2 protein chains.
Amino acid sequence: MAEITIKDVASLAGVSAATASRVLSGNPATSPGARARVAAAITELDYRPNAQARALRSTRSDSIGLLVSDVRNPFFADLAHTVEQAALSEGYVTLLGNANERKEQQDRYLDTLISRRVDGIIVAPLGDGSGSIASLIEREIPTVFVDRTVDGIDVPSVTTDSEAGIRQAVEHLSSVGHTRIGYISGPQATSTGRERFAAFTSAVADTGLSQDPELVYFGDFQAASGSAGVHALLDLDEPPTALLAADSLMAVGALAILHKRGLRIGTDIAMIAFDDVEWFALLNPALSVISHSVEDMGRLAVEMLLQVIAGGTPESVVLPSELIIRASSSSPISPSAGLRPRKN
Amino acid sequence: MAEITIKDVASLAGVSAATASRVLSGNPATSPGARARVAAAITELDYRPNAQARALRSTRSDSIGLLVSDVRNPFFADLAHTVEQAALSEGYVTLLGNANERKEQQDRYLDTLISRRVDGIIVAPLGDGSGSIASLIEREIPTVFVDRTVDGIDVPSVTTDSEAGIRQAVEHLSSVGHTRIGYISGPQATSTGRERFAAFTSAVADTGLSQDPELVYFGDFQAASGSAGVHALLDLDEPPTALLAADSLMAVGALAILHKRGLRIGTDIAMIAFDDVEWFALLNPALSVISHSVEDMGRLAVEMLLQVIAGGTPESVVLPSELIIRASSSSPISPSAGLRPRKN
DNA sequence: TGTGTTCATGGAATCGTTTCCATGGAATCG
DNA sequence: CGATTCCATGGAAACGATTCCATGAACACA
């Protein structure tokens, strides 16, 4: 019951707490004899140093915070895994938070992370620079943004160049004959939502496709909004013949509704999703995607965070994205496409 | 730069640190005047209490550890999300660890969690009761097992009754004419791996299907082993006409290879997976699954952990599993099934 | 007015470490 | 052999909060 402290170890080993501490931290100013006896006492008592006390005294907690919108999103699950493993190999544990795309949850979690005195924070931020993000900066807490950025906040980041992938996707769809592409957008409160929407808009304009504003549905990066988006877009008087979803979750929601409405993907309607997910290739027809490397993103984020913790100011990194064409978008536009099934 | 402590708050408010602390913790022995001035000082200084110091003195850290095998597994991602949200709503933050189905990683993480003095641990355990699991018990650290158990370790748990679902699956496959079912098993180092394997074995025997030991491939719950399993099973002299995978990740790996080998799922070979995943229903043909409720599991685990922390000893819970039949397994056995494609 | 009670408050101890500083014995050097 | 350096060691302070205990002001009651 009673906590075993370093004093217990020290007295069993016949040394002072100071010496025991030195042995524990590998301080060279210790005799071999003391080292041996302390080591023996530690295993004998199964002593585990109290990380709280250690953190209090040494002002480092050997923990980092990771705040994403939702680990159920395969993209963030991958990221969480990579970050956690990379951090662990450097001796840090990871506190995971889900903001669920809600600013108040993000702020709440950031507050907790600040209170816990984590050594650094990796966050896929949401909203503007107000609220707890500002506290982070003001307190000079080492922070790295992943996937997203915040306007006006100067923090190292690892992001994806969505522009290139989106442009390739639009041009590809245009090349197989589509002129009305429906876009299921991410929320404009996120930088990725804005950037991808802007990329879509400009690519559509440059390619000479329809710029009908009704062809854009604003979702929230969660599956349900993808479903709602498909309903909205297909119920237009002139529905699109191809769909582009700004993340994998909305794509899943969209696919479910396409199935339910009896539309054959790749034949009746083309579909492309942002974010690659292993099993998208297993769908029949396989889903075309805009792919980017989550592993690189996670690894780099941890690397950069460690640099910031060490006092450096690493350069932000922008990773490439690229279109991977699969069966869901490669057939030429079907003659029946564009007709509303209910009218058949 | 300099940390803002409770003393700064106290002196700005013109009270002692003791009084400031009382205001902070809502202790009634404080005057309205003091409360107001302390509150003002807190916002003025943007003071955040140091959770480390607080934890040191009060011996509770308001954090729990969650150790799963891999958050990239949708089942554990769901679980992580549910647990994190449930814990947060009770004022706890969640430390997430990935053991990657490796005992040494599990032990390493448990050690860290013990050192951090988390208030409780939720773990999907691996292996026997040796190593750090034993330390957990000995130190009486509140622990709840999820999904899996460990023989001989008496800890409250939330698990699934795999038996029922597996039996339904085997009977269903038998009813549509299959006699040789290939089983891609989980590792025998996990209770779920063992339990599901045992359920399969006995169901096959009871139904009078082939008990050929070659029809079982032992994987490790990760995607790659599902792929390897399909190769091994299809290369048998008498390959199975139906496959049952013990988790979703191995099912994904299996599906990928089935595709690659040109086998039509539901026609050339039937397939059923343990664990429901939203998008399994989106596959074409949709995948039959054995489903169980992850939300219930996560919610109950947190609930039970809080009870243990409060000194209680909650009863273990076993959740039901059930077969959901979709197109991947519902067609009668095809005449060509069972033939090795390469021999055609 | 004196005694007793209530109650907000401050001082000081405490949690388990790390780390600064002083000490004293051994070793080295001239 | 005396003086100097080296180095392992222990005592004590510090980290930032909480909490026990004592204090003294305010108030009530007889």
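By convention in this document, chain letters (A, B, ...) are assigned in the order of the sequence lines, proteins followed by strands, and residues within each chain are numbered from 1. Note that the structure is predicted; figures quoted are calculated from it, not measured.
- Side-chain proximity of Ala29(A) to the nucleotides dG16(D), dT9(D), dT18(D) is greatest for dT9(D).
- Defined by atom type and a distance below 3.5 Å, a donor-acceptor pair is present between the side-chain atoms of Arg48(A) and Ser135(B).
- Using a 4.0 Å heavy-atom criterion, one finds that Ser31(B) contacts the sugar-phosphate atoms exclusively.
- Using a cut-off of 4.0 Å between Lys/Arg side-chain N and Asp/Glu carboxylate O, Arg299(B) and Glu303(B) are scored as salt-bridged.
- Residue Ser21(A) places at least one side-chain N or O under 4.0 Å from the OP1 or OP2 atom of dT18(C).
- When distances are taken from the side chain of Ala18(A) to each of dG11(D), dT18(C), dA12(C), the shortest belongs to dG11(D).
- Backbone-only contact: Ala34(B) has heavy atoms under 4.0 Å from sugar-phosphate atoms and none from a base.
- No contact: Ala55(A) has no heavy atom under 4.0 Å from any strand.
- At a threshold of 4.0 angstrom between heavy atoms, the contacts of Pro32(A) with the nucleic acid are absent.
- For the pair Thr190(B)/Phe221(B), a side-chain contact is recorded, criterion being any heavy-atom separation below 4.5 Å from C-beta on.
- Considering only side-chain N and O atoms, Thr5(A) lies nowhere under 4.0 angstrom from the phosphate OP1 or OP2 of dG16(C).
- Residue Thr19(B) has a polar side-chain atom (N or O) positioned under 4.0 Å from OP1 or OP2 of dG10(C).
- With a cut-off of 3.5 Å on both pairing distances, the Watson-Crick or G-U wobble partner of dA27(C) is dT4(D).
- A salt bridge is absent between Glu84(B) and Arg72(A): the closest approach of a Lys/Arg side-chain nitrogen to an acidic carboxylate oxygen does not fall below 4.0 angstrom.
- Rounded to an integer number of Å, the gap from Asn27(A) CG to dG10(D) P is 13 Å.
- Put simply, the side chain of Arg117(A) and the base of dG16(D) share no donor and acceptor less than 3.5 Å apart.
- Arg57(B) contributes a side-chain N or O that forms a donor-acceptor pair with the base of dT14(C) under 3.5 Å.
- In this entry the distance linking CD of Gln52(A) with P of dA14(D) reads 23 Å, nearest Å.
- Within the nucleic acid shown, Thr30(A) comes within 4.0 Å of sugar-phosphate atoms alone, with no base atom in reach, counting heavy atoms only.
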